[in-house]
Amino acid sequence: MTEASDNSPAHFIRNRIRQELESGKHERVVTRFPPEPNGYLHLGHAKSIVLNFAMADEFGGETNLRFDDTNPIREEQRYVDAIREDVAWLGYAWAHECFASDYFPTLYAYALHLIDHGLAYVDSQDGDMIRAQRGTLTEPGQPSPFRDRSPAENRDLFERMRGGEFADGAHVLRARIDMAAPNINLRDPVLYRIRHQKHPRTGDEWCIYPSYDFAHGQSDAIEGITHSLCTLEFEDHRPLYDWLIEHLPVPSKPQQIEFARLNLDFTVLSKRRLMRLVDEGYVDGWDDPRMPTFAGIRRRGFTPRSIRSFCTEIGVTKSESIIPFGALERNLRDDLNERAPRRLAVLEPLKIVLTNFPEDETEWFEVANHPQKPEMGTRKVPMTREAFIERGDFMEEPPKKFFRLKPGGEVRLRNAFIIRCDEVVRNGAGEVTELRCSFDPESRSGQPGSERKVKGTVHWVSAEHAVAAEVRLYDRLFSIPHPAGDKARDFVEFLNPESLKVIGNARLEPGLENAEPGEHYQFERTGYFVADPDSTPDRPVLNRAVTLRDTWAKLEKQLRG
RNA sequence: UGGGACGUCGCCAAGCUGGUUAAGGCACGGGGUUUUGAUCCCCGCAUUCGCAGGUUCGAAUCCUGCCGUCCCAGCCA
């Protein structure tokens, strides 16, 4: 997929690749997106996916989807399936689907190579011992007593590890680099560990599994990855990455380049925290529309295009930043503004009776599906004597600059005509239950009198034709910008109690009862909505993906002081 | 107090092989169009680049020192 890069800032990775192509260092670009199948993808991954595919696309290369499945105790097939679905949903087609586990035989041979060259050894100490000898940030580590085993002994031990002779933890294979290195990753890092654990793909074939450091770079090399893009926390691993590539007979020399991961305010983007939200029931699952997971944002109504343009717009740097969630929402609005058909829907209905409108009559208005795009067509919308308008569009004692309905005031019913509020009807409790209004027949859309200007326009739905629906209004998951930023407090303390508001009796324009799950609409003056999978023709369920920009709400707030 | 990295407008972010007035987007403010207070369209918005010195005719770009922030002591990735 090639996308206009009009909102794509220049960035160091693109600059560098371009340079390398021009200088002839590379002839093509091959990237990869390498998730571990131990959890669901979220917005943080989206940045990486978009970057990897964009770099390959822009320079005519290709991108692999590679599952980094080197730790069978945490990985499951269902995550593989979900990840595939998510990447495809975002709009990308990978060149090859790969698994680090496909390379286990090669990796094993590489390990032997290191052993034979005296560059790796079997350490027979337990984890605590190894940790104790690793030293600290300021003190060098101590060599393991097994560090100088002969290649022959190492080979024998390692082959027996592979053969299943030893229990988990009895031995590990370590690179023989430098126990005094200031970079802790170089203090003889673990390359292989014993795990008698069935692997989702290789079954019981192996009982030793390579570590990330040993598997990742070599997998890159095997696939001919030219640029191995990863996040900043792997910067310290690059010397090890390079060391292994240097000392192994790999078929190519990939280059690791690190960039800053995505941070968004008012949410959390870590598998661990998202897992807690699900496990402890703070949300309704991985696909809860408040979750930043692909499953969640998809159900919330975010579009692949909006996610891609967002990821492109934020840029790629090495400086860590926090992007406002609102930036994501704006990209959604920009996308849906172009493509979502408009509809009328009243969330909190207030009945109006048009006293001079004939009873038992229905007038059909032909209404544009998009005010700026005639090619999107029109539809017929019915009006009857009784209708609903938004409760919030009427105020008995409105503040200054309130352009909506008030007693004695006029307002236009969108696409129909101008009405005047003649009488306010209340129940015993003093609550407004109905407005008795009269309409101006001359002001019908299309009539000469439609030129007449009134300050406000309001949306409505015929009472007789209205479709009752459930509407779910979503707001930010957390009530503070950086819920995970306070180390002294548990982030769940900052969950926004009003992140979901369910409206049980919304009234939709007829036709919407047939909205297919996943279909987007703009409810005029209200926001962008998407039909939820919970929808049935009897009971449509619409999720609010994002509100429209609301200048009035801002103004009103200011007026109130 | 070891190592690695980052610090340009409220939020992102170009520029950083030194050369006239520090891109762009968002946000924000002002104005226009509008039967969505939406969209759209104009205009405005850093004498300043974490701080302090230095080199230079000239520095955000080079040097030195300082300050701040992030990452690393899993047989996780």
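Here is the naming used below: chain letters follow the sequence lines, and residue numbers restart at 1 for every chain.
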Could you tell me whether [X] and [Y] have their ring centroids closer than 6.0 angstrom?
X: A:Trp206; Y: A:Tyr108; result: yes
X: A:Tyr192; Y: A:Tyr209; result: no
X: A:Phe266; Y: A:Phe478; result: no
X: A:Phe439; Y: A:Phe357; result: yes

Exercise. Quote, to the nearest angstrom, the C1' distance that separates B:rU20 from B:rC57.
Key: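 Taking atom C1' in both B:rU20 and B:rC57, they lie 13 Å apart.
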So [X], base contact, sugar-phosphate only, or nothing? Heavy-atom distance under 4.0 Å.
X: A:Ala327; result: nothing
X: A:Leu232; result: nothing
X: A:Val316; result: sugar-phosphate
X: A:Asp126; result: base
X: A:Arg174; result: nothing
X: A:His216; result: nothing
X: A:Val190; result: sugar-phosphate
X: A:Ile322; result: sugar-phosphate
X: A:Tyr192; result: nothing

Taking only side-chain nitrogens and oxygens of [X], does any of them come within less than 4.0 Å of OP1 or OP2 of [N]?
X: A:Arg134; N: B:rC75; result: yes
X: A:Ser211; N: B:rC75; result: no
X: A:Asn15; N: B:rG15; result: yes

Quiz item: Do the ring planes of A:His237 and A:Phe234 sit parallel (below 30°), tilted (30 to 60°) or perpendicular (above 60°)?
Solution: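 Perpendicular.
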Look through every strand shown and name the nucleotide pairing with [N] as Watson-Crick or G-U wobble, where both distances are under 3.5 Å.
N: B:rG18; value: none
N: B:rG7; value: B:rC67
N: B:rU33; value: none

Self-check item: Pairing of A:Glu390 and A:Arg525 as salt bridge, 4.0 angstrom limit
Solution: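 Answer for the salt bridge query: no.
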Quiz item: Taking protein heavy atoms under 4.0 Å as touching, what does nucleotides 27-39 of chain B look like 5' to 3' if B marks base contact, S marks sugar-phosphate-only contact and - marks none?
Solution: SSS-----BBBBB
Exercise. Please check if atom CD in A:Glu233 has more than 12 non-hydrogen atoms from other residues, nucleotides or ligands closer than 6.0 Å.
Key: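 Yes, enclosed.
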Practice problem: For A:Leu186 and B:rG2, give me the distance from atom CG to atom C1', rounded to whole Å. | Solution: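 Spelled out: CG on A:Leu186 to C1' on B:rG2 is 14 Å.
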